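Everything below concerns the one structure shown next.
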2 protein chains.
Amino acid sequence: MAVRRQPTLRDVAAAAGVAVSTASRALTKPGRVNADTADRVVAVAKELGYIPSASARALLSGRTATVALVLPDVTNPFFFGLVRGTGARLRESGYVQVLADTEESAEVELDTLRKLRGQVDGAVLAASRLSDEQIAGAAQDLALVVVNRTIPGTPGVLLDTAGGMVQALEHLVGLGHTRIAYAAGPATSWSDRRRREALEPAAARLGVDLVVLGPYAPVRASGAQAADAAVESGVTAVIAFNDLLAFGVLERLDVRGVPVPGRMSVIGCDDIFGADLVRPALTTVESPVERAGRMAADLLLARLEGGRSDDEDAGGLDDEPVVPVRDAADPVMLPTHLIVRSSTGAAG
Amino acid sequence: MAVRRQPTLRDVAAAAGVAVSTASRALTKPGRVNADTADRVVAVAKELGYIPSASARALLSGRTATVALVLPDVTNPFFFGLVRGTGARLRESGYVQVLADTEESAEVELDTLRKLRGQVDGAVLAASRLSDEQIAGAAQDLALVVVNRTIPGTPGVLLDTAGGMVQALEHLVGLGHTRIAYAAGPATSWSDRRRREALEPAAARLGVDLVVLGPYAPVRASGAQAADAAVESGVTAVIAFNDLLAFGVLERLDVRGVPVPGRMSVIGCDDIFGADLVRPALTTVESPVERAGRMAADLLLARLEGGRSDDEDAGGLDDEPVVPVRDAADPVMLPTHLIVRSSTGAAG
DNA sequence: GTGAAAGCGCTAACAT
DNA sequence: ATGTTAGCGCTTTCAC
């Protein structure tokens, strides 16, 4: 508990009988040092349990080998894949992941980003509550990658849930449904807007009535209202903004004695933990969230590590890029797909 | 994206027309500086968007204002409350939380702890895969608080799930069950051992047969074996190591056509997300995990911030502690309680 | 009340 | 190949 004093490079150098600079070289760039000396230093360092001070390194280099994942709510199951995906990728490159929960508040998020500057080399911003301008502003001070958002000039990863929703619609049409509800998410949700923009033309194309319900908070509790509204509107199927909401819809329909999928089919989005546990099991749109996390971390690391090519080759002759360099502002879009389970069936 | 250069204290001092030392004082200990000067410095700092360098502070003070939460698996729902609880408490005190996933490996965990030393001021170690000796060793180098573990000399928070399991047993006995199975968790699990040690005497006291099944990996997939073993052993109720396992048991019983709770009652542990979603809803032992996280962070912060009283008052006369100081090694035990849902019923 | 200077642990010139 | 020195941004003596 006393936490003993850590040995510094000086201690190691002294114990090995060399100068600190030599010890530093021996530890960080072997080859630039006599093999015997290097071995000795390394041995001494290990024996003393020497660990380089991250703060000193950071102070000197300006880099912290730390990346933040900024989320509105750490406990929202949808984000688990992101935590895992970014975490795994970061660990592979020796980075430390720090988690920041902004409690669904734009203010907290802005403040967090401000504090993070200097503490981390960059951040992955997921489901941000900030405006495009605020994000762009923050990106001036901190290397940023956004998830499910497009900010000009800032790299991003997109999950094509809108495409998945269209698949959901097609699935329902295939089952004979002609009047279908979409239980919308928060009015401020960027994803929600994209989905509606995709669903409406798709419905027209498929010749079905699309009834937009909501907006609803994307939580179980809101499912009751959504279910009531769906029943009321005379649809035979409802596509919910996310699984949490869909769970609530299922519960409410159960309470009301509306058979699923007998009289009402239900589809969710995200395939969170529990989607295959509920009865009936929930048909839902699965997103490769973990992969999105990996990619987001990838993009960030590429930017952090690939900080070279700044002014070099300024007057080069062969300026033609053979492989067209992907514009960092051009976000990666990941496909999603529908998982059919028992909560959907033929139109009642 | 270009990430402009941050203003340093020097810039602020220069702009305010004072020495760096004065600027430093103005920002950190107002009162030791002329009020006008202080105001001016603060104004300039704000205008320049000055943010003190965490690395420089850390280098100087040896403190990082960062605490790690070390977990075997970030995505295990059981830990969400810990993430949230520790995170909230740490944020309140201005600390940054870093998350470390050890991938269920003692080796990774040890390595993580080693690297963390110097990067963080302390760590909360949950469900550690290390031996008592390894933890005690790590505690020499890093302020540690353990969750669900007792390590002499290291403060800890315990969730009394063993007590909850006894409640579960009593509940079943009250329903007329006389032959009950306990589907055990991993052989290396400290919690599992404690539960068995509590269940056995309780079963004897209550006059019921307790059949210990397993060990099983605490995941859904293992539930099938556990369910089969339970049916085989002729019990009318099974208490599972955790909800994940219980979910698997429910699924398997459903497949086999064994009615729950008609022919078999099922109880889980942890009340994770989904426990009230499955059908029948799972009777389970709820632990105040988030509160445990808060307390763990509390204990750690108390130790980090209250680092005074080391050698002082060595020859004091009034050595009688009026309020008996709680030994840090004396772990806090948090009570748990049973949540009765529909997966338990009268003995078939 | 304020300034000058030392130094935290480390790495990167520069010198030998 | 190795030692010497400067300095990253900050706080903290120590003078004034």
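Numbers restart at 1 for each chain; the letters A, B, ... are given by sequence-line order, proteins then strands. The shown structure was predicted, so the numbers you read here are calculated from the model rather than taken from an experiment. The analysis underlying the following values was restricted to heavy atoms, covering all of them including side chains, and did not include hydrogens, waters or symmetry mates.
- Within residues 30-40 of chain B, the residues having any heavy atom closer than 4.0 Å to DNA chain C are, in order of number, Arg32(B), Val33(B), Asn34(B), Thr37(B).
- Here Asp39(A) pairs with nothing under the salt bridge (Lys or Arg N to Asp or Glu O under 4.0 Å) rule; sequence neighbours left out.
- Annotation: side chain to side chain donor-acceptor pair (under 3.5 Å) contacts of Asp11(B) (sequence neighbours excluded): Arg5(B).
- Not a single side chain to side chain donor-acceptor pair (under 3.5 Å) links Glu107(B) to another residue, sequence neighbours left out.
- Note that the two end axes of the helix from dG1(C)-dC16(D) to dT16(C)-dA1(D) enclose an angle of 50°, each drawn from 5 base pairs, rounded to 10 degrees.
- Arg294(A) pairs by the side chain to side chain contact (heavy atoms under 4.5 Å, CB included) definition with Ala88(A), Arg89(A), Glu92(A), not counting sequence neighbours.
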Check residues 26-35 of chain A and write down every donor-acceptor pair under 3.5 Å in which the side-chain atom is one partner and the other belongs to a residue at least two apart or another chain.
unit_1   : atom_1 : unit_2   : atom_2 : d
Thr28(A) : OG1    : Ser24(A) : O      : 2.8
Asn34(A) : OD1    : Asp36(A) : N      : 2.8

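- Applying the side chain to side chain contact (heavy atoms under 4.5 Å, CB included) criterion to Ala136(B), with sequence neighbours excluded, gives Ile151(B).
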Produce a footprint string for nucleotides 7-12 of chain C: one letter per nucleotide, 5' end first; B if the base is under 4.0 Å from any protein heavy atom, S if only the sugar-phosphate is, - if neither.
-> BBBBBB
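- Contacts of Thr112(B) classified as side chain to side chain contact (heavy atoms under 4.5 Å, CB included), with partners at least two apart in sequence or in another chain: Ala100(B), Thr102(B), Val108(B), Leu116(B).
- Residues passing the side chain to side chain contact (heavy atoms under 4.5 Å, CB included) test with Leu110(B) are Leu130(B), Gln134(B), sequence neighbours excluded.
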Show me the side-chain donor-acceptor pairs of residues 45-74 of chain A shorter than 3.5 Å, one per line, residues at least two apart or across chains.
unit_1   : atom_1 : unit_2    : atom_2 : d
Ser53(A) : OG     : Ser55(A)  : N      : 3.4
Ser53(A) : OG     : Ala56(A)  : N      : 3.0
Ser61(A) : OG     : Arg57(A)  : O      : 2.8
Ser61(A) : OG     : Arg63(A)  : N      : 3.1
Ser61(A) : OG     : Arg63(A)  : O      : 3.3
Arg63(A) : NH2    : Tyr95(A)  : OH     : 2.6
Thr64(A) : OG1    : Thr66(A)  : N      : 3.4
Thr64(A) : OG1    : Gln119(A) : O      : 3.4
Thr64(A) : OG1    : Asp121(A) : N      : 3.3
Thr64(A) : OG1    : Asp121(A) : OD1    : 3.0
Thr66(A) : OG1    : Thr64(A)  : O      : 3.1
Asp73(A) : OD1    : Thr75(A)  : N      : 2.9
Asp73(A) : OD1    : Thr75(A)  : OG1    : 2.8
Asp73(A) : OD1    : Arg84(B)  : NH1    : 2.7

Check the pair Gln97(B) / Arg91(B) against side-chain hydrogen bond (donor to acceptor under 3.5 Å, both in side chains), numbers first and verdict last.
-> CA-CA 8 Å; Gln97(B) 176 190 40; Arg91(B) 229 168 303 127; 5.1 Å; no
